[in-house]
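Working notes for the structure below.
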Amino acid sequence: MVLNNKCKKCNRICHVLHFQQSFKNWTSGNDDIDKFIQDIQLSAHNNLEEALEWIPYNKLYDIKHTSKDEFGEVYRANWVDGNIDYYGSWDNESQNWERNNPNMFVNLKILITPNNLTLEFANKIKIEYKFYGITQDPETKNYMMVLNNKCKKCNNCICYAIRFQQNFENWTSGNDNIDKFIQDTQLSAHDNAEMALEWIPYDRLYNIKYISKDEFGKIYRANWIDGYIKYWDNENQNWERNIFYIFVNLRSLISPNSLTLEFANKIKIEYEFYGMTQDPETKNYMMVLNNK
Ligand SMILES: [Zn+2]
Ligand SMILES: [Zn+2]
Ligand SMILES: [Zn+2]
C-alpha cells in the first residue's frame with residue numbers, strides 16, 4: 001500500500017503513518033498494552049528510536065535467566081530482527097522496517113503493572129534503559145519489557161562498556177577479586193577496547209614454554225588462539241579480533257588480591273596487557289601480555 005495522506009504535524013509521509021498502517025498486523029492480546037504501544041508509535045514523528053514495538057516471543061532466542069532487580073527476574077536473549085534504530089527506514093516492498101541490528105542482545109524484565117501504562121511510564125524507563133518494546137512469555141503469560149542497558153557517560157549509547165557488561169554472566173576467573181578487576185577495566189573501555197582486560201581460559205593458550213625468570217617470577221611464552229579485541233562487530237554480534245595465535249607472555253600475578261585500575265594502567269605503560277589466565281595445575285593466576 002502506498003500512502004497518499006501526509007502527517008499533519010510533519011506535513012509529509014512520516015514514520016508515524018507507517019506505524020499506524022501496521023496496527024492491524026499485530027496485537028499483544030491485551031488492549032491496554034496495544035494502546036500503550038500504539039500511542040508511543042504515534043508520537044515518534046522525528047526519531048524512530050522513540051517508538052516501541054510488540055515483539056513476538058518467538059523472535060527471541062537463547063533466553064536465559066541472569067539476575068533479579070527491583071522489577072523482578074531479569075533474562076537475557078537475542079532478538080532475531082533487532083530494533084528499528086535511528087537509521088532504520090520503511091521498506092515499501094516488504095511493508096516492514098529496514099533494520100540494522102539483527103540478532104542483537106537484549107534484556108527482558110517483567111512488566112509489573114501491565115494495566116497502568118502511560119507515556120510517562122515509558123519515559124521513566126527510557127531514562128535508565130534503551131526500551132525497544134514488549135513481549136509475552138507464552139508459558140507464564142508474563143508481559144516483559146525488552147530493553148538494554150545504556151551508558152550515561154557515552155550519551156546514552158550502547159558503548160563497549162555495555163557490550164562487555166552484557167557478557168559478564170558468561171565467564172568467571174573463579175576469584176571474586178579478579179572478576180571485579182577485569183570487569184572494572186571492561187567498564188572503563190567506553191570507546192577503546194584496549195582499555196579492557198579479558199578472562200582468558202587456559203585452554204585458549206597452547207605451546208606454553210618456560211623462558212625465564214625475573215623479579216615477578218617465572219615468565220612463559222605461549223600462543224593465544226583468539227587474539228586480542230579490535231572492535232565490536234555488529235553484524236556478528238561479537239568482538240572482531242586481531243592476530244589469531246598471537247605470541248604472548250604469561251607472568252605470575254604477585255598479589256591477586258590488590259588489583260585496581262591503577263595497577264592495570266601501570267602494567268600497560270610497559271606492556272600490551274590483554275588479560276588474565278590461570279594455570280589449572282598450579283592454580284597460579286597469570287597476566288597475559290606482550291612487550292611493547
Ligand atoms: Zn509526523
Ligand atoms: Zn516513510
Ligand atoms: Zn560508555
Side-chain angles (χ1 to χ4, degrees), residues 1-25 35-53 69 76 82-92 95-98 100-101 104-107 119 122-123 125-133 147-170 180-198 228-234 237-240 260-262 264-265 268 275:
M1 178 172 68
V2 177
L3 293 172
N4 297 316
N5 50 334
K6 289 179 184 173
C7 170
K8 291 191 178 71
K9 192 174 169 193
C10 305
N11 197 28
R12 63 186 172 86
I13 300 173
C14 82
H15 309 311
V16 161
L17 297 180
H18 298 293
F19 281 119
Q20 198 171 28
Q21 168 196 2
S22 304
F23 282 177
K24 62 184 183 309
N25 298 333
K35 172 112 181 17
F36 171 65
I37 294 173
Q38 288 174 5
D39 282 350
I40 289 174
Q41 291 184 343
L42 292 176
S43 72
H45 292 276
N46 302 314
N47 184 353
L48 278 169
E49 283 186 344
E50 293 294 314
L52 298 181
E53 296 182 80
D69 71 3
R76 59 87 63 214
N83 70 324
I84 307 167
D85 70 8
Y86 187 82
Y87 303 101
S89 61
W90 180 258
D91 178 21
N92 254 327
Q95 290 289 299
N96 212 328
W97 296 98
E98 296 263 14
N100 304 305
N101 304 297
M104 76 187 288
F105 177 100
V106 290
N107 281 317
L119 280 176
N123 289 334
I125 298 293
K126 284 178 182 173
I127 293 170
E128 293 291 326
Y129 303 99
K130 295 266 187 194
F131 190 10
Y132 305 123
L147 37 73
N148 243 331
N149 289 340
K150 60 184 186 181
C151 181
K152 295 209 171 97
K153 200 175 166 189
C154 298
N155 203 15
N156 293 326
C157 278
I158 298 179
C159 68
Y160 287 173
I162 303 291
R163 300 287 180 200
F164 281 115
Q165 190 185 43
Q166 289 168 348
N167 200 39
F168 281 179
E169 308 289 332
N170 294 326
K180 171 102 177 30
F181 170 61
I182 294 173
Q183 288 176 3
D184 283 349
T185 66
Q186 294 184 343
L187 291 175
S188 76
H190 296 276
D191 59 0
N192 181 0
E194 280 182 29
M195 299 298 291
L197 299 180
E198 289 184 84
Y228 60 89
I229 289 172
K230 267 198 308 189
Y231 56 83
W232 178 258
D233 179 358
N234 217 25
Q237 288 286 300
N238 210 335
W239 297 105
E240 179 70 25
T260 60
L261 276 180
E262 290 67 42
N265 290 334
K268 281 180 182 172

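Because the structure is a prediction, the values reported are computed rather than measured. First listed ligand is number 1; within each ligand, the first listed atom is number 1.
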query: Which pair of heavy atoms, one from Ile40 and one from Leu52, lies closest together, and at what distance?
result: CD1-CD1, 3.4 Å

task: With 2.8 Å as the limit, jot down which protein N, O or S atoms are around the Zn ion (ligand 1).
output: Cys7 SG, Cys10 SG, Cys14 SG, His45 ND1

message: I'd like to know if Glu194 and Lys268 make a salt bridge, using a cut-off of under 4.0 Å between side-chain N and carboxylate O.
response: no

- prompt: Is the gap between the ring centers of Trp97 and Phe19 under 6.0 Å?
  reply: yes

statement: Nearest heavy-atom approach of Asn149 to Lys130 is O-CG, 4.5 Å

Sidechain-backbone polar pair: Gln237 side chain, Phe105 backbone, donor-acceptor under 3.5 Å: yes

- prompt: What atom name does the N, O or S atom of His190 nearest to the Zn ion (ligand 3) carry?
  reply: ND1

message: Centroid separation under 6.0 Å, is that true for the rings of Trp239 and Tyr160?
response: yes

